Amino acid sequence: MTQNLHELLERSDPVALRRIEKALDAVDERNETVETVLSALMWQRCTIGQNGILGAYLNHECAARVSVLDEHLAVIGASDAAQAIRDLRKEIPLQDEDIRRGIIDWVDANPSLVQHAKTLNDEDLDVASKVWNFMQKRREKLPDIEIPDKKTGLLGRFFR
């Protein structure tokens with residue numbers, strides 16, 4: 001059973017963030033609100049793993065937004081996450097274009113960056129509730145797109 005984004009936003013707790021991200025990413029006509037939400041959802045996904053905040057620079061999708069990521073996080077009210085991304089950015093003497101192309105090798109050659117990122121990871125940088133509240137407040141600026149359910153059947157169970 002597929003639900004629309006606006007129906008999901010009626011809930012009080014964040015749900016289906018990854019599926020919402022995929023659906024918004026597929027929208028052809030984007031506005032500033034959609035771009036801001038996409039950045040925040042990508043940040044959430046990229047930083048939740050073992051790389052923590054460093055994941056925002058190691059993941060290609062997040063790195064492609066490096067020039068606006070901190071601004072978008074600040075807009076949704078995630079000021080701690082925005083400041084953390086700025087702090088880490090100060091430690092990387094590369095141009096945005098270099099970061100967008102990938103910096104995995106550069107990170108491997110600069111272990112001090114990894115240590116700095118680990119200290120930033122100690123802060124609570126989870127933005128799920130903030131992006132959810134932002135989406136709820138700006139519902140009219142978000143397209144009411146279909147958010148597909150999780151995969152079902154044999155393949156769905158395999159990929160879960």
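Keep in mind that this is a model prediction, so the values were computed, not measured.
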side-chain contact (heavy atoms from CB on, under 4.5 Å) between V131 and W43, intermediate numbers included: CA-CA 10 Å; V131 72; W43 160 272; over 6 Å; no
Hphob cluster co-occupancy, V37 + I48, side-chain heavy atoms under 4.5 angstrom: no
Side chain to side chain donor-acceptor pair (under 3.5 Å) contacts touching residues 51-60 (sequence neighbours left out): none
Joint hydrophobic cluster, V34 plus V68, side-chain heavy atoms closer than 4.5 Å: no
Donor-acceptor under 3.5 Å (N121 side chain, I53 main chain): yes
Side chain Q44, main chain A128, donor-acceptor under 3.5 Å: yes
For residues 103-111, tabulate all N or O donor-acceptor pairs below 3.5 Å that involve a side-chain atom, not counting sequence neighbours.
unit_1: N110; atom_1: ND2; unit_2: W106; atom_2: O; d: 2.6

Minimal non-hydrogen separation, L9 against Q136, with atom names: O-NE2, 2.8 Å
Co-membership, hydrophobic cluster, residues L41 and I145, 4.5 Å side-chain: yes
Pair R45 + E61: basic N to acidic O under 4.0 Å: yes
Side-chain donor-acceptor contact under 3.5 Å, R138 with T36: no
In one Ile/Leu/Val/Met/Phe/Trp/Tyr side-chain cluster, 4.5 Å: L17, L8: yes
Basic-acidic side-chain contact under 4.0 Å: E71, R65: no
Worked verdict on D98 versus R101 for salt bridge (charged side-chain N to carboxylate O under 4.0 Å, His left out): CA-CA 5 Å; D98 296 323; R101 280 188 234 125; 3.2 Å; yes
Contacts under 3.5 angstrom, residues 81-90 side chains, donor-acceptor by atom type, not counting sequence neighbours:
unit_1: Q83; atom_1: OE1; unit_2: R86; atom_2: NH1; d: 3.2
unit_1: Q83; atom_1: NE2; unit_2: D87; atom_2: OD1; d: 2.8
unit_1: R86; atom_1: NE; unit_2: D70; atom_2: OD2; d: 3.0
unit_1: R89; atom_1: NE; unit_2: D96; atom_2: OD1; d: 3.4
unit_1: R89; atom_1: NH1; unit_2: I92; atom_2: O; d: 2.7
unit_1: R89; atom_1: NH1; unit_2: L94; atom_2: O; d: 3.1
unit_1: R89; atom_1: NH2; unit_2: L94; atom_2: O; d: 2.7
unit_1: R89; atom_1: NH2; unit_2: D96; atom_2: OD1; d: 2.8

Hydrophobic cluster membership, V15 vs V127, 4.5 Å side-chain cutoff: yes
D149 side chain near R19 side chain, heavy-atom distance below 4.5 Å: yes
Considering all heavy atoms, the nearest V27-P143 contact: CG2-CG, 4.1 Å
